[in-house]
Novice: 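Okay, here's the structure, questions in a sec.
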Amino acid sequence: MRVVSLVPSLTEAVAVSAPGVLVGATHWCSHPADLDVTRVGGTKNPDVDRILTLAPDLVLANEEENREPDLAALRAAGVEVLVTQVRDVPQAFRELARVLDACGAPARPHWLDEAEDTWSSLPVPARRTTAVVPIWRRPWMVLGSDTFAGDVLSRLGVDHLHATHEDRYPRLPLDDLRTPAPDIVVLPDEPYRFTAEDGPEAFPGLPCALVSGRHLTWYGPSLAEAPRVLGEVLRAACR
């Protein structure tokens, strides 16, 4: 089995669960840190010709991370493409099981059971927190409706204020993000890399939580520790 992954979280999941099957991944596939495969471009601009030279049996993709024209070109060349859709935590577990089965994983990995157990046994939050969750600036974009990251936060007791917006990732003026006066502003380090010097200054007077995008948006082995890691950062910002 030869697999190319165009999704960083799936790259990590396959690498640790079916060693040896990955032959290609994007430049954004940063985990595992010692991953030694051919790099095939970005998630939005993969090098289709390079992928084809790897003669993959399967290419892994995601409905929102990858572009349909690139996937169509791979299919036209005779390559099987598995496209995942992940809008909430339970769906993430179903899709991970499907991907690992398609990649010939020898058994259901321990980390997947651990992650499911962790999420299914979360305590009911003592209080709920309102948030705005920017994912980009110039222009400002935030989490909207029907997103995996939004579901992750909701299960941790954080209700983001644009969850009912008609768009999944709406572009909004900065004043529209400040005006609702959320309890907290959640700033992930991807896709835009918000840092202590780049992001919080736009929200004077509001607590800001700088969180790991890998724990907020990736569906893979990081799911097992995401509730603890995110919870600690969110609680600290709300004090």
Side-chain angles (χ1 to χ4, degrees), residues 8-9 28 62-65 85-93 115-116 118-239:
S9 53
W28 295 103
N62 175 263
E63 51 138 6
E64 73 176 31
E65 289 199 54
Q85 181 184 84
V86 177
R87 304 290 181 89
D88 58 36
V89 172
Q91 189 176 33
F93 292 128
E116 281 205 84
T118 297
W119 282 95
S120 64
S121 60
L122 286 179
V124 177
R127 60 182 290 266
R128 300 200 68 82
T129 301
T130 60
V132 166
V133 190
I135 58 166
W136 202 260
R137 69 183 302 175
R138 305 184 191 95
W140 285 94
M141 298 174 66
V142 297
L143 288 187
S145 60
D146 197 26
T147 65
F148 172 73
D151 187 59
V152 165
L153 290 172
S154 179
R155 292 168 187 271
L156 297 177
V158 178
D159 300 315
H160 72 93
L161 295 179
H162 299 95
T164 59
H165 196 282
E166 62 182 351
D167 297 327
R168 298 184 67 218
Y169 302 102
R171 298 185 181 190
L172 297 171
L174 181 56
D175 284 346
D176 288 359
L177 306 187
R178 297 170 174 153
T179 302
D183 296 324
I184 189 173
V185 180
V186 178
L187 298 169
D189 61 9
E190 61 176 71
Y192 185 90
R193 188 172 181 80
F194 288 106
T195 68
E197 291 75 36
D198 185 358
E201 82 288 345
F203 302 92
L206 292 175
C208 291
L210 294 163
V211 303
S212 159
R214 178 169 170 261
H215 292 103
L216 180 62
T217 66
W218 287 32
Y219 45 97
S222 57
L223 277 171
E225 62 183 15
R228 175 183 58 80
V229 173
L230 292 173
E232 289 173 354
V233 176
L234 294 169
R235 285 192 296 274
C238 289
R239 288 174 186 158

Novice: Quick one, L187 with V211, criterion side-chain contact (heavy atoms from CB on, under 4.5 Å). Give me CA distance, side-chain angles, the key distance, then yes/no.
Specialist: CA-CA 6 Å; L187 298 169; V211 303; over 6 Å; no

Novice: Do R193 and T195 come within less than 4.5 Å of each other through their side chains, counting heavy atoms only?
Specialist: yes

Novice: Is any side-chain heavy atom of W136 closer than 4.5 Å to a side-chain heavy atom of V142?
Specialist: no

Novice: Where is the tightest heavy-atom contact between G157 and P125, given as atom of each residue plus distance?
Specialist: CA-CG, 3.5 Å

Novice: Is there a donor-acceptor contact under 3.5 Å from the side chain of T147 to the main chain of L143?
Specialist: no

Novice: Keeping the roles fixed (side chain from S154, backbone from G150), state whether a donor-acceptor pair exists under 3.5 Å.
Specialist: no

Novice: Please confirm whether the backbone N or O of F148 pairs with a side-chain atom of D88, one donor and one acceptor, at under 3.5 Å?
Specialist: no

Novice: Please examine the side chains of D189 and L210, heavy atoms only from C-beta on, and report whether any two atoms are closer than 4.5 Å.
Specialist: no

Novice: Testing the 3.5 Å rule here: is there a donor-acceptor pair between the side chains of N62 and Y219?
Specialist: yes

Novice: Please examine the side chains of C208 and I184, heavy atoms only from C-beta on, and report whether any two atoms are closer than 4.5 Å.
Specialist: no

Novice: What side-chain hydrogen bond (donor to acceptor under 3.5 Å, both in side chains) pairs are there with at least one residue in residues 156-167, not counting sequence neighbours?
Specialist: R128-D159

Novice: Output all residues satisfying ring-ring contact (aromatic ring centres under 6.0 Å, His included) with F203, sequence neighbours left out; order by chain, then residue number.
Specialist: W140

Novice: What distance separates L216 CG from I135 CD1, expressed to the nearest 0.5 Å?
Specialist: 10.0 Å

Novice: Could you walk me through whether D198 and R137 pass side-chain contact (heavy atoms from CB on, under 4.5 Å), step by step?
Specialist: CA-CA 10 Å; D198 185 358; R137 69 183 302 175; 2.7 Å; yes

Novice: Tell me whether E190 is salt-bridged to R214, with the criterion being a basic N under 4.0 Å from an acidic carboxylate O.
Specialist: no

Novice: Identify the two heavy atoms, one from L177 and one from P182, that lie closest to each other, and give their separation to 0.1 Å.
Specialist: O-CD, 4.1 Å

Novice: Of all the heavy-atom pairs spanning P188 and P134, show the shortest one and how long it is.
Specialist: CD-O, 3.2 Å

Novice: Which pair of non-hydrogen atoms, one from P207 and one from A237, has the smallest distance, and what is that distance?
Specialist: CB-O, 3.3 Å

Novice: Calculate, to the nearest 0.5 Å, the distance between atoms CD and CD belonging to Q85 and E64 respectively.
Specialist: 9.0 Å

Novice: Might you point out which heavy atoms bring P221 and S9 nearest each other, and give the distance in Å?
Specialist: CD-O, 4.5 Å

Novice: Side-chain donor-acceptor pair under 3.5 Å between T129 and D183, yes or no?
Specialist: no

Novice: Quick one: do E63 and R87 make a salt bridge, cutoff under 4.0 Å?
Specialist: yes

Novice: Please check if the side chain of E232 supplies one atom and the backbone of L230 the other of a donor-acceptor pair under 3.5 Å.
Specialist: no

Novice: Taking the side chain as every heavy atom from C-beta outward, state whether V186 and V233 have any atom pair closer than 4.5 Å.
Specialist: no

Novice: Can you check whether E116 reaches F93 side chain to side chain, under 4.5 Å on heavy atoms?
Specialist: yes

Novice: Can you tell me how far the CZ atom of R178 sits from the CG atom of L172, to the nearest 0.5 Å?
Specialist: 13.0 Å

Novice: Does the side chain of P227 reach to within under 4.5 Å of the side chain of L122, using non-hydrogen atoms?
Specialist: yes

Novice: Do W119 and V152 have side chains that approach each other closer than 4.5 Å (heavy atoms only, starting at C-beta)?
Specialist: yes

